[in-house]
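A quick write-up on the structure given underneath.
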Amino acid sequence: MRQDNPIVKFTNVLGQVISFFTVILWLLCLLNTGLSGFVGGHFLGEATGILEYIKYWATLVALALSGFEFASRRIWLLIIYLVVVAGCVILLCFPGTFNSLASMAFGE
């Protein structure tokens, strides 16, 4: 049986830990939204916005690490996967990038 290399083992453990805390964060955010009508506002107050932002990044990181573990078995698949993850990160960091690229491509 083939042994995984240390990088895959590390990303596996890191992905599991991040996934665990991401699910807790999702529950906290869902409760914050669901209970806002009962408590007269978000019980997390001003932290709501930042936690929602962290929730999307944590989800992307957890999924990216899980996918990395799968894609690392074939180099061509890993390259394609890293390009896709880089595209996600670029579009999350710079939301106007897609509109700029689309307008350049279609000449608008």
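Scope of the values below: all heavy atoms of this structure, side chains included, with no hydrogens, waters or symmetry mates.
- For Thr11 (side chain) and Ile7 (main-chain N/O), a donor-acceptor pair under 3.5 Å exists by modelled atom type.
- In the hydrophobic clustering of this structure, Leu92 groups with Tyr53; members are Ile, Leu, Val, Met, Phe, Trp, Tyr whose side-chain heavy atoms approach within less than 4.5 Å, directly or through other members.
- When side chains are defined from C-beta on, Val23 does not count as touching Leu27, because their heavy atoms never get closer than 4.5 Å.
- Cluster membership check: Leu63 does not share its hydrophobic cluster with Val85, using side-chain heavy-atom separations under 4.5 Å among Ile, Leu, Val, Met, Phe, Trp and Tyr.
- Residue pairs satisfying the side-chain hydrogen bond (donor to acceptor under 3.5 Å, both in side chains) criterion with at least one member in residues 15-27, sequence neighbours excluded, are listed as follows: Asn12-Gln16, Trp26-Thr59.
- In this structure the side chain of Cys88 reaches within 4.5 angstrom of the side chain of Leu60, judged on heavy atoms.
- Counting non-hydrogen atoms of other residues, nucleotides and ligands closer than 6.0 Å to CG of Leu30 gives a total above 12.
- Across Thr33 and Glu52, no two heavy atoms sit closer than the pair OG1-OE2, 4.3 Å.
- Nearest approach of Ala58 to Ile18, heavy atoms of both residues: O-CG2, 3.9 Å.
- For the pair Tyr81 and Phe68, the tightest heavy-atom approach, listed with the atom from each and the gap, is CE2-N, 3.4 Å.
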**Asked** Trp57 and Val89: side-chain contact (heavy atoms from CB on, under 4.5 Å), yes or no, with the steps?
**Response** CA-CA 9 Å; Trp57 276 101; Val89 170; 4.0 Å; yes

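- Cluster annotation: Phe70 and Ile75 are assigned to distinct hydrophobic clusters (Ile/Leu/Val/Met/Phe/Trp/Tyr, side-chain heavy-atom contacts under 4.5 Å, transitive).
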